[in-house]
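I have placed the structure first, in the form of structure tokens, so that the comments after it can refer back to it.
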There are 2 protein chains.
Amino acid sequence: MYTIGEVSKMVNLPIPTLRYYDNEGLLIDTVRDSAGIRKFNDKTLESLRVIECLKKSGLQIKEIKEFMNWCSLGDKTIFQRREMFIRQKAHIEQEIKELEDALALIKFKCWYYDEALKEGSEKRVKKLDPHDMPEEIRLLFEQSHQQYKKKPIAK
Amino acid sequence: MYTIGEVSKMVNLPIPTLRYYDNEGLLIDTVRDSAGIRKFNDKTLESLRVIECLKKSGLQIKEIKEFMNWCSLGDKTIFQRREMFIRQKAHIEQEIKELEDALALIKFKCWYYDEALKEGSEKRVKKLDPHDMPEEIRLLFEQSHQQYKKKPIAK
DNA sequence: GCTTGACTTAAAGTTAACTTTAACTTGTAA
DNA sequence: TTACAAGTTAAAGTTAACTTTAAGTCAAGC
């Protein structure tokens with residue numbers, strides 16, 4: 001059994017954030033001692049891992065609450081829970097792809113400013129055609145200059 | 001030359017967002033016609049690409065504004081701009097790593113609920129030891145159950 | 001000359017996820 | 001017994017990045 005302060009240190013989240021999650025119904029199967037003090041256990045730590053993961057995958061607190069509620073309803077919600085993870089898997093894969101495209105542009109800019117710094121001026125590199133860039137850099141440029149993405153499909 | 005409505009469609013951002021960016025000083029070298037109508041060009045489209053990229057890398061609007069200001073100050077700010085891209089490169093790489101760990105947990109849960117669905121119950125899979133999982137799944141489990149990360153170093 | 005569509009502004013409103021505040025309780029140590 | 005550390009609450013405050021509103025301008029077509 002852990003107090004809120006212990007959990008806070010273990011998972012590196014502020015105490016008020018843990019209270020907020022608890023109040024919002026994200027922390028199921030938590031108990032209180034006779035003085036009303038929250039007592040957490042290893043299940044809480046695992047829940048917090050899942051909460052962080054679902055947050056990163058794009059879910060809101062109230063949606064995570066809904067998921068936690070499904071968990072406490074047992075086997076009859078397995079299908080819904082599975083569907084949610086399948087959806088969030090697609091979501092996070094899309095997000096990683098977008099970050100990788102952003103990273104490509106950033107890497108290109110790192111090269112661009114390396115060249116500019118060497119030469120003391122952007123002048124030459126600014127008007128450089130992709131065709132005249134080193135292969136590796138041209139690929140970064142092209143990856144970061146694809147079509148603008150379409151509007152994401154609604155959940 | 002493009003109107004705000006044309007740019008909005010091209011880059012798939014709402015018109016008020018483009019006005020907001022312009023008002024916040026993110027869109028440098030934009031001009032107005034005699035009636036005060038904004039006229040954008042291809043440089044604007046490229047700026048919007050960089051803005052999106054810097055946003056994804058974790059920068060705030062006001063920090064992007066600062067960067068855009070450096071751009072308009074010419075060659076004497078090359079060093080600062082380079083440093084910023086180097087910093088944001090590290091930031092976005094860290095973010096991708098964290099998303100990949102979250103993805104590992106999601107993939108593990110997809111497998112978990114596949115098994116549970118097949119068996120009509122979580123009962124067995126819930127108390128499964130990582131040692132008894134398929135190799136591929138155990139690796140996902142381990143990747144998603146590393147130590148909690150330390151507090152990120154301040155900018 | 002009137003309507004329409006696309007633009008303009010300043011200012012107020014929205015939202016989610018915390019974060020802070022102020023007042024209070026409880027258990028241990030000096 | 002007094003102080004301190006660590007817990008508690010409800011309620012108000014914060015923040016960033018938009019988004020909406022309300023009122024107005026302007027050019028083109030009927």
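Labels below follow one simple rule: chain letters A, B, ... track the order of the sequence lines, proteins then strands, and each chain is numbered from 1. Both backbone and side-chain heavy atoms feed into the values below; hydrogens, waters and symmetry mates do not.
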## Note on the structure
Comparing B/I37 with A/K62, nearest DNA chain C nucleotide closer to 5' gives the residue B/I37

### Message
Classify B/K39 by what it touches in the nucleic acid, base, sugar-phosphate, or nothing, heavy-atom distance under 4.0 Å.
### Response
nothing

### Query
At under 4.0 Å between heavy atoms, what does B/R38 touch on the DNA or RNA strands: base, sugar-phosphate, or nothing?
sugar-phosphate

### Message
Side chain of A/I15 only, heavy atoms from C-beta on: which candidate in D/dG7, C/dC18, C/dC7 is closest?
### Response
D/dG7

### Query
Where the side chain of A/I61 is concerned, which of C/dA17, D/dT8, C/dT8 is the nearest nucleotide?
C/dA17

Side-chain N or O of [X] closer than 4.0 Å to phosphate OP1/OP2 of [N]:
{"X": "B/Y21", "N": "D/dA17", "value": "no"}
{"X": "B/K55", "N": "D/dC18", "value": "yes"}
{"X": "A/T17", "N": "C/dT19", "value": "yes"}

### Query
What are the residues of residues 23-36 of chain A, sorted by number, that bring a heavy atom to within less than 4.0 Å of DNA chain D?
A/R32, A/G36

Can you tell whether the side chains of [X] and [Y] come within less than 4.0 Å, N to carboxylate O?
{"X": "B/R81", "Y": "A/E122", "result": "yes"}
{"X": "B/E95", "Y": "A/K56", "result": "yes"}
{"X": "B/K97", "Y": "B/D101", "result": "yes"}
{"X": "B/K62", "Y": "B/E66", "result": "no"}

### Query
Got a sec: does the CD of B/E83 have more than 12 other heavy atoms crowding it under 6.0 Å?
yes

### Message
Would you say that more than 12 heavy atoms from the other residues, nucleotides or ligands in this model lie under 6.0 Å from the NZ of B/K43, or not?
### Response
no

